[in-house]
Amino acid sequence: MDGKPIVPFATTLHVRDHCLCLHVQRAARTLARRFDEALRPVGLTNGQFSLMMALNRPVPASFGPVAELLAIDRTTLTAALKPLRRRGLVDIVVDPADRRGRLLTLTPDGLALLASAVPVWQRTHEIIEAAMPDAAPGMLRDALRSLG
């Protein structure tokens with residue numbers, strides 16, 4: 001050989017079969033595609049649906065709590081908000097309690113679109129959970145929550 005370190009192919013197979021991160025990423029991409037397809041008729045992606053649900057609060061939210069709930073940074077949140085703002089679904093206003101802060105709210109159009117998307121999400125979620133073994137959805141949620 002040429003002196004470069006070698007990772008045996010057996011290690012590659014072990015990582016492929018045992019890496020929790022890989023399996024969660026693959027499952028997340030699969031679920032994301034399913035929800036993207038289901039939500040397409042209402043004009044949302046699964047990420048937009050999740051963001052709008054995070055904004056569906058009794059009082060407007062600041063960036064920090066929304067970013068934390070979605071496990072994204074503020075820059076990513078700002079980028080994700082742009083298409084929703086362009087469509088008139090989300091509004092960003094100055095926080096009257098702290099003029100440096102901004103508050104995020106769903107507009108009336110945003111609330112109406114979210115209301116039309118929820119039944120789509122519910123049906124899709126029921127189909128996915130029904131395809132899983134008994135108790136698996138709850139156990140999966142519990143296991144994933146324990147990581148974060």
Side-chain angles (χ1 to χ4, degrees), residues 7 9 11-148:
V7 176
F9 186 61
T11 302
T12 299
L13 297 177
H14 178 81
V15 170
R16 178 199 67 193
D17 296 340
H18 294 90
C19 181
L20 293 173
C21 189
L22 173 64
H23 288 279
V24 168
Q25 287 172 337
R26 288 180 65 179
R29 289 183 189 113
T30 299
L31 287 171
R33 284 191 297 271
R34 298 245 336 241
F35 281 100
D36 280 344
E37 183 64 31
L39 291 165
R40 184 171 289 121
V42 296
L44 292 175
T45 65
N46 77 86
Q48 291 169 333
F49 175 81
S50 294
L51 174 51
M52 291 177 71
M53 287 301 289
L55 299 178
N56 187 42
R57 300 166 181 237
V59 296
S62 61
F63 274 74
V66 174
E68 183 178 335
L69 173 67
L70 298 173
I72 58 176
D73 59 49
R74 292 172 60 97
T75 302
T76 303
L77 175 57
T78 299
L81 286 165
K82 285 181 181 179
L84 298 176
R85 286 189 73 200
R86 280 194 298 269
R87 290 175 59 190
L89 304 173
V90 172
D91 202 9
I92 301 175
V93 297
V94 173
D95 184 346
D98 179 358
R99 306 234 3 113
R100 296 169 296 169
R102 299 293 179 264
L103 298 175
L104 309 170
T105 60
L106 292 173
T107 65
D109 286 347
L111 288 166
L113 181 60
L114 186 59
S116 71
V118 168
V120 174
W121 176 87
Q122 287 172 322
R123 282 191 304 276
T124 305
H125 207 270
E126 288 168 2
I127 291 166
I128 291 168
E129 283 201 11
M132 298 176 77
D134 290 343
M139 289 175 21
L140 177 59
R141 277 187 288 275
D142 291 345
L144 293 173
R145 275 190 213 106
S146 74
L147 297 175

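Of all the heavy atoms in Arg87 and Gly43, the pair that sits closest is NH1-O, 2.7 Å. Scanning all heavy atoms of the two residues, the minimum distance from Asp109 to Gly88 falls at CB-O, 3.9 Å. Across all non-hydrogen atoms, the minimal contact from Pro137 to Glu129 is CB-CD, 3.6 Å. Counting all heavy atoms, side chain and backbone alike, Leu103 lies closest to Pro60 at CB-CB, 3.8 Å. Here the closest non-hydrogen pair linking Ser146 and Ala143 is OG-O, 2.6 Å. For Arg34 against Ile127, the heavy-atom pair with the smallest separation is NH2-CG2, 3.7 Å.
Here the CZ atom belonging to Arg145 is positioned 9.5 Å from the CG atom belonging to Leu140, to the nearest 0.5 angstrom. The CZ atom of Arg57 sits 10.5 Å away from atom CG of Leu106, with the distance rounded to the nearest 0.5 Å.
In this structure, Arg99 places its CZ atom where only 12 or fewer heavy-atom neighbours from other residues, nucleotides or ligands lie under 6.0 Å away. Residue-environment remark: CD (Gln25) exceeds the threshold of 12 foreign heavy atoms within 6.0 Å.
For the side chain to side chain contact (heavy atoms under 4.5 Å, CB included) test with Leu55, the passing option among Leu81, Leu84, Leu114 is Leu81; the others fail.
A salt bridge is defined here as a Lys NZ or Arg NE, NH1 or NH2 lying under 4.0 Å from an Asp or Glu carboxylate O, and Arg33 with Asp36 fails to meet this definition. Taking 4.0 Å as the cut-off between side-chain N and carboxylate O, Arg40 and Glu37 count as a salt-bridged pair.
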* To do: Report the C-alpha separation of Val118 and Phe49 in whole Å, then their side-chain angles, then the decisive distance to 0.1 Å, and conclude whether the side-chain contact (heavy atoms from CB on, under 4.5 Å) test is met.
  => CA-CA 9 Å; Val118 168; Phe49 175 81; 4.2 Å; yes
Pair Val93-Arg102, side-chain contact (heavy atoms from CB on, under 4.5 Å): steps then yes or no: CA-CA 5 Å; Val93 297; Arg102 299 293 179 264; over 6 Å; no
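Between the side chain of Ser116 and the main chain of Leu113, a donor-acceptor pair closer than 3.5 Å is present.
Taking His125 as the reference, Trp121 meet the ring-ring contact (aromatic ring centres under 6.0 Å, His included) condition, with sequence neighbours excluded.
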